[in-house]
Each structure stands twice: as C-alpha cells, then as structure tokens.
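Atoms within each ligand, like the ligands themselves, are counted from 1 in listed order. This structure is a prediction, so every number in the text was calculated from the model and none was measured.
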Amino acid sequence: MSVRICSLDDIAVNSAVRVVIGETPIAVVKDSSGDVHAIGDTCTHGDISLSEGFVEGKTLECWAHGSQFSLTTGKPITLPAYDPVPVFAVSIVDGDVYIDPTPTFPT
Ligand code: FES
C-alpha cells in the first residue's frame with residue numbers, strides 16, 4: 001500500500017530527501033526533468049545515506065566513494081559498489097508524492 005510522503009513541490013529539482021517507511025530508509029529524488037524516483041537510501045558499499053549525495057541525470061551518487069546508482073534500476077553504474085539498492089514505485093496524485101514501500105530489483 002502506498003504511503004503519502006510529501007507534496008511534489010516540497011522536493012527541489014536535482015535533490016534528494018530521506019524518508020523512512022516502517023524501518024525502510026528510502027531516498028526520494030527529483031531529477032532535472034522533474035521526475036520523482038525512490039531507491040534504497042543505504043549505499044551497498046557502506047553505511048552511508050545516499051540522499052546526502054549528489055543527483056546527476058538519472059543517478060544518485062554516494063558522497064563517500066563516488067558510486068553512482070541508477071534511479072530507475074537501483075544498480076550501481078560505477079564502482080566500488082557492486083550490489084544494487086532496491087527501487088520503490090512512485091506515484092503522483094493531486095500534486096502529492098506516494099511511495100509503495102515494497103522493494104523491487106528491476107532487471
Ligand atoms: S560507501 Fe557508498 S560508495 Fe563507498
């Protein structure tokens with residue numbers, strides 16, 4: 001079941017915010033196109049919050065060692081991380097952002 005996170009306008013373009021649904025930390029990202037994505041917030045290389053990193057195109061870069069994670073697949077595009085983070089379904093309803101906290105690992 002999807003959970004309302006915030007208003008779409010609450011997230012700036014090219015930025016990420018950290019939310020926790022249940023015990024699942026999620027990075028909610030608005031890219032330069034205004035599209036919103038949700039991926040696991042914990043880097044798979046270390047215990048670092050990805051939402052503290054950098055949005056670049058359709059990726060979120062970990063500030064610690066520079067791995068970039070795809071916002072669409074959760075897969076790391078650059079080392080040193082090699083395991084993906086989960087991806088969560090996002091829906092926009094009446095200007096509000098909703099996330100389904102069910103983790104997926106798109107291929
Ligand atoms: S902790 Fe994220 S790349 Fe190393």
Side-chain angles (χ1 to χ4, degrees):
M1 188 168 97
S2 292
V3 176
R4 182 189 178 279
I5 301 302
C6 62
S7 170
L8 184 58
D9 293 337
D10 290 338
I11 309 172
V13 169
N14 280 332
S15 72
V17 296
R18 182 179 191 270
V19 300
V20 178
I21 303 177
E23 296 185 3
T24 305
I26 298 173
V28 185
V29 179
K30 184 185 281 185
D31 68 23
S32 60
S33 302
D35 294 332
V36 178
H37 310 269
I39 64 174
D41 188 52
T42 305
C43 181
T44 55
H45 182 247
D47 189 19
I48 296 292
S49 174
L50 290 175
S51 58
E52 296 174 0
F54 313 102
V55 180
E56 191 172 311
K58 299 287 186 186
T59 69
L60 182 56
E61 180 179 330
C62 179
W63 62 263
H65 307 108
S67 281
Q68 290 180 304
F69 291 82
S70 166
L71 294 172
T72 54
T73 68
K75 294 178 181 174
I77 295 170
T78 55
L79 295 171
Y82 54 86
D83 289 324
V85 293
V87 175
F88 303 91
V90 175
S91 54
I92 309 297
V93 180
D94 295 331
D96 290 333
V97 178
Y98 289 80
I99 293 176
D100 181 341
T102 305
T104 63
F105 291 89
T107 54

Note to self: Using a 4.0 Å cut-off to any heavy atom of Ala64, which atoms of ligand 1 qualify?
What the structure shows: 1 (S)
Note to self: If the cut-off is 2.8 Å, does any N/O/S atom of His65 fall short of it from atom 4 (Fe) of ligand 1?
What the structure shows: yes
Next item on the list: Please identify which atoms of ligand 1 are closer than 4.0 Å to at least one heavy atom of Gly46.
Entry: 1 (S)
Item checked: Side-chain touch Val28/Val36, heavy atoms, less than 4.5 angstrom -> yes
Item checked: Heavy-atom neighbours of Tyr82 OH exceed 12 at 6.0 Å -> no
Item checked: Student check: side-chain heavy atoms of Ile99 and Val3 closer than 4.5 Å -> no
Item checked: Taking every non-hydrogen atom, the tightest pair across Ile48 and Trp63 -> CG2-NE1, 3.3 Å
Checklist line | Ligand-side contact atoms (ligand 1) for residue partner Cys43, heavy atom cut-off under 4.0 Å | finding: 1 (S), 2 (Fe), 3 (S)
Check: Out of curiosity, Asp100 CG to Ser2 OG, how far, rounded to the nearest 0.5 Å?
Finding: 4.5 Å
Notebook entry, point to check: Got a sec: is His45 within less than 2.8 Å of atom 2 (Fe) of ligand 1 via an N/O/S atom?
Noted result: no
Next item on the list: Using a 4.0 Å heavy-atom threshold (strictly under), name the region of Cys62 that reaches ligand 1: side chain, backbone, both or neither.
Entry: side chain
Check: Going only through I, L, V, M, F, W and Y residues with side-chain contacts under 4.5 Å, is there a path from Ile11 to Ile26?
Finding: yes
Notebook entry, point to check: With atoms numbered from 1 as shown, which atoms in ligand 1 lie under 4.0 angstrom from a non-hydrogen atom of Ile48?
Noted result: 1 (S)
